[in-house]
Amino acid sequence: MNNFTYDNLYRNALYYRFYGKKIISLDTIDLVKYYDGINCFQYFDLIINNNDLIKLKQINKTKIIKFRYINKESIGFKRISENFNIEINDEWDAPIIQIKKDCFEKYLNSKSYNFKRLIKKCNSLEKKQKIVKSNKNNINKLFKDALKIDQDSWKYKEKSDMLSLDNEQIIYISLLKYCNLYVSYFDNKPIGYSLLIKYNGKYYAAKWGATDVGRTMNSGIICLLKQIKNISSKEDLFLDLWGRRNKIYDRMATNSIKRIYFSILKNGNKKS
């Protein structure tokens, strides 16, 4: 398994999140009848075996199959593009942060003037907040507070919070043993959080957010920066920022990976 979306905990959690009849589980991937069609729920370095290709060809006769957040250089994408007519729906440079152990200050010094100004502002605002790091004893309580932040933020108003996204929180609850969660408090109220998932030595920026108050205090970015600093003080850091076209992420990145959304076209099997 190359990333957490292939872990059995993640794959089983899809059945807690979605009505079972909406899911088609193949050997290595899970397809879900989602709001915009049939979507694969495995991401990043795509893995596809021969049995999967056979099943995809059966499904593809009548359906478009969509893939999101796929690394363009992955072997799975190459195999699919060799067997199907595909359409790339979006392509971008996905931001990555790589920092050698004990090189956080060197990382900061390499960044732009504007990013250094942001760091200075965050250092000042952090003094007004209490930042709590997750451990095995407190992570359930912290995740409850992260959910509260999510529902008290602009995401709830736009129906892009975890609860509104078909109970997305179920995935992260199922993966808590892999999670690194920081929550920020002001006046004893949760105002911002950052959730990372560590899997096979890599970190993935799964979710972050803030309440209206938290946004004025940069609480989400403060939590993320503290995670980056603390992790890189103990080990080499590889952090996949996951998201696309995020100005803050782009400023933070040290390099990038070509990432795509693509679709297998209906009845798009290539004849061998």
Side-chain angles (χ1 to χ4, degrees), residues 1-60 63-81 83-84 86 94 134 136 139-140 143 146-147 150 160-181 195-207 238-244 257 259-264:
M1 293 179 289
N2 69 337
N3 69 69
F4 67 92
T5 66
Y6 291 86
D7 190 285
N8 283 334
L9 289 173
Y10 172 92
R11 298 189 69 184
N12 290 337
L14 294 174
Y15 285 85
Y16 311 146
R17 182 180 172 191
F18 298 107
Y19 184 48
K21 290 184 178 180
K22 289 187 175 183
I23 304 173
I24 307 168
S25 288
L26 310 186
D27 283 358
T28 59
I29 61 173
D30 303 287
L31 307 178
V32 179
K33 295 175 184 175
Y34 206 42
Y35 69 96
D36 62 345
I38 294 181
N39 280 258
C40 175
F41 267 70
Q42 276 69 37
Y43 310 133
F44 314 118
D45 283 319
L46 187 63
I47 299 170
I48 296 287
N49 68 19
N50 289 334
N51 287 335
D52 295 333
L53 287 174
I54 292 169
K55 290 286 182 66
L56 288 172
K57 287 178 180 179
Q58 293 170 353
I59 298 166
N60 158 252
K63 305 289 184 183
I64 295 171
I65 306 169
K66 300 181 180 182
F67 294 77
R68 302 172 294 159
Y69 299 109
I70 301 300
N71 293 346
K72 193 174 183 181
E73 300 303 317
S74 63
I75 294 173
F77 173 67
K78 184 171 184 264
R79 293 198 73 190
I80 286 178
S81 60
N83 283 271
F84 299 93
I86 65 162
S134 66
K136 64 180 181 181
I139 192 163
N140 282 288
F143 193 80
L147 271 178
D150 210 41
S160 62
D161 62 294
M162 287 184 267
L163 286 169
S164 297
L165 294 174
D166 294 290
N167 290 301
E168 184 185 23
Q169 77 281 358
I170 290 172
I171 296 294
Y172 306 120
I173 292 169
S174 299
L175 296 171
L176 282 183
K177 73 175 185 176
Y178 301 126
C179 288
N180 180 304
L181 175 62
L195 174 66
L196 305 184
I197 295 175
K198 184 182 183 183
Y199 202 85
N200 280 349
K202 293 182 179 181
Y203 288 85
Y204 299 84
K207 301 291 291 189
F238 182 103
L239 174 57
D240 190 322
L241 291 169
W242 195 337
R244 53 182 181 160
I257 294 175
R259 191 159 284 161
I260 55 176
Y261 279 20
F262 76 94
S263 301
I264 296 175

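The analysis underlying the following values was restricted to heavy atoms, covering all of them including side chains, and did not include hydrogens, waters or symmetry mates. Remember, predicted model here, so these are calculated numbers, not experimental data.
- Between the CD1 atom of Ile47 and the CZ atom of Arg79 there is a distance of 11.5 Å, given to the nearest 0.5 Å.
- Looking at Ile48 and Leu53, their side chains come closer than 4.5 Å, going by heavy atoms from C-beta outward.
- Using a distance-only test at 3.5 Å, with no hydrogens or angles considered, no donor-acceptor pair links the side chain of Ser164 to the main chain of Ser160.
- Under a cut-off of 6.0 angstrom, the local environment of OH in Tyr15 is crowded, with over 12 non-hydrogen atoms contributed by other residues, nucleotides or ligands.
- In this structure, CZ in Phe238 is found 13.5 Å from NZ in Lys198, a value given to the nearest 0.5 Å.
- Within the model, atoms CD1 of Ile260 and CG of Leu46 stand 9.0 Å from one another, a figure rounded to the nearest 0.5 Å.
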Check: Can you list the steps and then say if Asn180 with Tyr203 is a side-chain hydrogen bond (donor to acceptor under 3.5 Å, both in side chains)?
Finding: CA-CA 9 Å; Asn180 180 304; Tyr203 288 85; 5.1 Å; no
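- Applying the salt bridge (charged side-chain N to carboxylate O under 4.0 Å, His left out) test to Asp161 and every residue at least two apart in sequence or in another chain returns nothing.
- For the residue pair Thr28/Asp52, the side-chain donor-acceptor check at 3.5 Å is satisfied.
- Residues Ile64 and Ser263 come closest through the heavy atom pair CG2-CB, 3.9 Å.
- A distance-only check finds a donor-acceptor pair linking the side chain of Asn2 to the backbone of Asp45 [under 3.5 Å].
- Atom-to-atom distance recorded for Leu163:CG and Ile170:CD1 is 9.0 Å, nearest 0.5 angstrom.
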Next item on the list: Start with the C-alpha gap between Asn12 and Ser174, add the side-chain angles, then the distance that decides, and say whether side chain to side chain contact (heavy atoms under 4.5 Å, CB included) holds.
Entry: CA-CA 9 Å; Asn12 290 337; Ser174 299; over 6 Å; no
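- The pair Arg259-Asp240 meets the salt-bridge criterion, since a charged nitrogen lies less than 4.0 angstrom from a carboxylate oxygen.
- The shortest side-chain heavy-atom distance between Asp166 and Tyr34 falls under the 4.5 Å cut-off.
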Checklist line | Worked verdict on Tyr204 versus Tyr69 for ring-ring contact (aromatic ring centres under 6.0 Å, His included) | finding: CA-CA 12 Å; Tyr204 299 84; Tyr69 299 109; over 10 Å; no
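- Side chains of Tyr43 and Arg68: a donor on one and an acceptor on the other come within 3.5 Å.
- Remark: Lys22 NZ to Leu14 CG distance equals 13.0 Å, nearest 0.5 Å.
- Counting all heavy atoms, side chain and backbone alike, Ile70 lies closest to Gln42 at CD1-O, 3.6 Å.
- Side chain of Asn60 to main chain of Ile65: no donor-acceptor pair is present (N/O by atom type, distance under 3.5 Å, no hydrogens or angles).
- A donor-acceptor distance shorter than 3.5 angstrom exists from the side chain of Asp150 to the backbone of Met162, with no hydrogens or angles considered.
- Of all non-hydrogen atoms in Ile264 and Leu56, the two that sit nearest each other are CD1-CD1, 4.4 Å.
- For Lys78, the side-chain hydrogen bond (donor to acceptor under 3.5 Å, both in side chains) partners at least two apart in sequence or on another chain are Glu82.
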Next item on the list: Any chance you could lay out the ring-ring contact (aromatic ring centres under 6.0 Å, His included) test for Phe262 and Phe77, step after step, and finish with the verdict?
Entry: CA-CA 9 Å; Phe262 76 94; Phe77 173 67; 4.9 Å; yes
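- Listed here is the closest heavy atom pair of Tyr172 and Ala206: CE2-CB, 3.7 Å.
- Atom CG of Asn49 sits about 5.0 Å away from atom CG of Asn51, to the nearest 0.5 Å.
- In this structure the side chain of Ile173 never reaches within 4.5 angstrom of the side chain of Tyr16, judged on heavy atoms.
- Here the two rings, on Phe41 and Phe18, have centers that are under 6.0 Å apart.
- Nearest heavy atoms, Arg11 versus Ile29: NH2-O, 3.2 Å.
- The local environment of CG in Leu9 is crowded, with over 12 non-hydrogen atoms from other residues, nucleotides or ligands closer than 6.0 Å.
- Here Lys63 pairs with nothing under the salt bridge (charged side-chain N to carboxylate O under 4.0 Å, His left out) rule; sequence neighbours left out.
- Phe143 is listed as a side-chain neighbour of Gln169, based on a closest heavy-atom distance under 4.5 Å.
- Residues Asp30 and Ser25 share a closest heavy-atom pair of OD1-OG, 2.6 Å.
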